[in-house]
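To start, the structure under review is shown below, and the notes come after it.
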Amino acid sequence: MACNHAFNCPLYQVFGSKPSLQVWTTWYCEGRYQHCARHALGECGQKVPAHLLPNGRSLDVAPEAAHA
Ligand code: SF4
């Protein structure tokens, strides 16, 4: 079962766009999404920072830039 935030998660789109990033999708979005820091905040109704990675670290560039 996949993460129920995938339809509106900007990082899901980014991860799916590059083969080198799809490990994130495989590991979190379509697997252990319960362990994703973004998922946890979303489930609590809290704002999810754009740069927050599933492992709790921050992306070095804006998600839009990573998508380019
Ligand atoms: S698991 Fe995390 S990164 Fe993946 S779609 Fe859900 S909230 Fe987004």
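Order of appearance sets the numbers: ligands from 1, and atoms from 1 within every ligand. Small disclaimer: the values here were computed from a predicted structure and weren't measured. Note: hydrogens, waters and symmetry copies are ignored here, and every other heavy atom, side chains too, is used.
No continuous path of ILVMFWY side-chain contacts below 4.5 Å connects Phe7 to Tyr12, so the two sit in separate hydrophobic clusters. Following chains of ILVMFWY side-chain contacts shorter than 4.5 Å, one cannot reach Tyr33 starting from Val48, and the two form parts of different hydrophobic clusters.
Annotation: protein N, O or S atoms under 2.8 Å of atom 2 (Fe) of ligand 1 (waters excluded) comprise Cys36 SG.
In this structure, Arg38 contributes its side chain and Leu11 its backbone to no donor-acceptor pair below 3.5 Å.
Taking each heavy atom of His39 and Cys3 in turn, the nearest pair found is ND1-SG, 3.4 Å. Minimum heavy-atom separation, Leu52 to Gly56: CD1-O, 3.7 Å. Counting all heavy atoms, side chain and backbone alike, Leu53 lies closest to Ala37 at O-CB, 3.8 Å.
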